[in-house]
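All chains are named by letter (A, B, ...) in the order of the sequence lines, taking the proteins before the strands, and each is independently numbered beginning at 1. Hydrogens, waters and symmetry mates are skipped; everything else that's a heavy atom, side chains included, is used.
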Amino acid sequence: NAGVMQNPRHLVRRRGQEARLRCSPMKGHSHVYWYRQLPEEGLKFMVYLQKENIIDESGMPKERFSAEFPKEGPSILRIQQVVRGDSAAYFCASSQFRGNQPQHFGDGTRLSIL
Amino acid sequence: GQQLNQSPQSMFIQEGEDVSMNCTSSSIFNTWLWYKQDPGEGPVLLIALYKAGELTSNGRLTAQFGITRKDSFLNISASIPSDVGIYFCAGPDATNKLIFGTGTLLAVQP
């Protein structure tokens, strides 16, 4: 999928545990976006980051969810104290610049909460 | 907020048939994107449209950016079994986050 790498592809957690999802953008891309997809629905925006900065986190729940994109290494979406409702597919996309640049998606992490 | 409505919700066609689906919005978009998502995978960009009235092709796929900037359509000609999947339209809002449509599920019978 155009070079955006996400891992793990599948993640199972028990209620109350932490989930960490990783995304390495396409080479040369410094803009990263996280989306969540529930079954049979479209993708919903969560957070937009540029290296070391959160640009827009308007779609991310205020509690338990956080995201970072450090100077070195992948972007991380972290969900603390997971609940059943967090079960979903989480997709990362990247673009080279801001503005009218198409976003290219990874294959997602499917999070299942037991 | 901005919403994108896609129709039809699902289509069941015979191999070789042409397909048309569209996407409408209550507000203006300056870019329209069409993605295809296969089961268990992420969306793959098919076509990007940047100007009102623009008509762009990618193989058997053709998409148009509506003159009003509030709609777009996607045509697939001579469908084949591997066209099966969910097709999403999407457009960036003012802060560049993508708003996704509700999706059109395409099933192609050989």
Side-chain angles (χ1 to χ4, degrees), chain A residues 1-10 21 23-26 29-50 53-60 67 88-110 112, chain B residues 1-10 21 23-25 28-52 54 56 58 61 63 65 69 72 85-107:
Chain A
N1 244 337
V4 177
M5 303 299 295
Q6 289 188 248
N7 69 81
R9 289 293 305 276
H10 301 274
L21 288 61
C23 169
S24 295
M26 282 182 67
H29 286 193
S30 60
H31 298 259
V32 165
Y33 312 79
W34 285 92
Y35 294 82
R36 178 163 63 178
Q37 185 178 35
L38 296 173
E40 300 185 17
E41 291 188 10
L43 282 72
K44 298 286 195 298
F45 168 80
M46 297 182 73
V47 60
Y48 165 25
L49 310 103
Q50 196 180 358
N53 291 307
I54 295 176
I55 307 299
D56 182 348
E57 56 182 346
S58 59
M60 199 153 70
Y90 291 83
F91 291 96
C92 167
S94 73
S95 66
Q96 188 174 13
F97 304 113
R98 196 169 180 171
N100 270 349
Q101 289 284 315
Q103 295 174 23
H104 297 271
F105 284 81
D107 279 335
T109 293
R110 276 138 194 88
S112 298
Chain B
Q2 290 173 300
Q3 287 186 319
L4 295 178
N5 296 306
Q6 283 185 248
S7 65
Q9 197 172 16
S10 59
M21 60 189 79
C23 187
T24 58
S25 170
I28 288 172
F29 280 87
N30 292 318
T31 298
W32 285 91
L33 306 170
W34 284 93
Y35 288 89
K36 179 184 181 230
Q37 186 176 26
D38 291 330
E41 298 185 10
V44 174
L45 182 66
L46 299 174
I47 294 179
L49 302 159
Y50 299 105
K51 285 171 52 177
E54 179 182 354
T56 298
N58 178 8
L61 277 62
F65 192 144
R69 296 178 176 268
S72 176
I86 303 178
Y87 291 79
F88 289 102
C89 62
D93 71 1
T95 60
N96 210 42
K97 59 178 180 277
L98 287 180
I99 309 297
F100 276 83
T102 46
T104 293
L105 171 65
L106 178 63

task: Could you look at B/Q37 and say if it's the side chain, the backbone, both or neither that has a heavy atom under 4.5 Å from chain A?
output: side chain

field: Min side-chain heavy-atom separation B/L98-A/F105 under 4.5 Å
entry: yes

task: Evaluate the side-chain proximity of A/F45 to B/P92: yes if any heavy-atom separation is below 4.5 Å, no if none is.
output: no

task: For atom CD of B/Q9, decide whether the heavy atoms of other residues, nucleotides or ligands shown that lie under 6.0 angstrom number more than 12.
output: no

A/H104 NE2 to B/Y35 OH distance, which is reported to the nearest 0.5 Å: 7.0 Å

query: Shortest non-hydrogen contact from B/Y50 to A/P102?
result: OH-CG, 3.1 Å

query: Side chain, backbone, both or neither: which part of A/Q103 has a non-hydrogen atom closer than 4.5 Å to chain B?
result: both

query: Checking A/Q37 against chain B: side chain, backbone, both or neither under 4.5 Å from a heavy atom?
result: side chain

message: Tell me which of these, B/T95, B/L33, B/I86, B/I99, has more heavy-atom pairs under 4.5 Å with chain A than the rest.
response: B/T95

message: Run the side chain to side chain donor-acceptor pair (under 3.5 Å) test against A/E57 and tell me which residues pass, sequence neighbours left out.
response: none

query: Residues two or more places apart in sequence or in another chain: which of them pass salt bridge (charged side-chain N to carboxylate O under 4.0 Å, His left out) with B/K97?
result: A/D56, B/D93

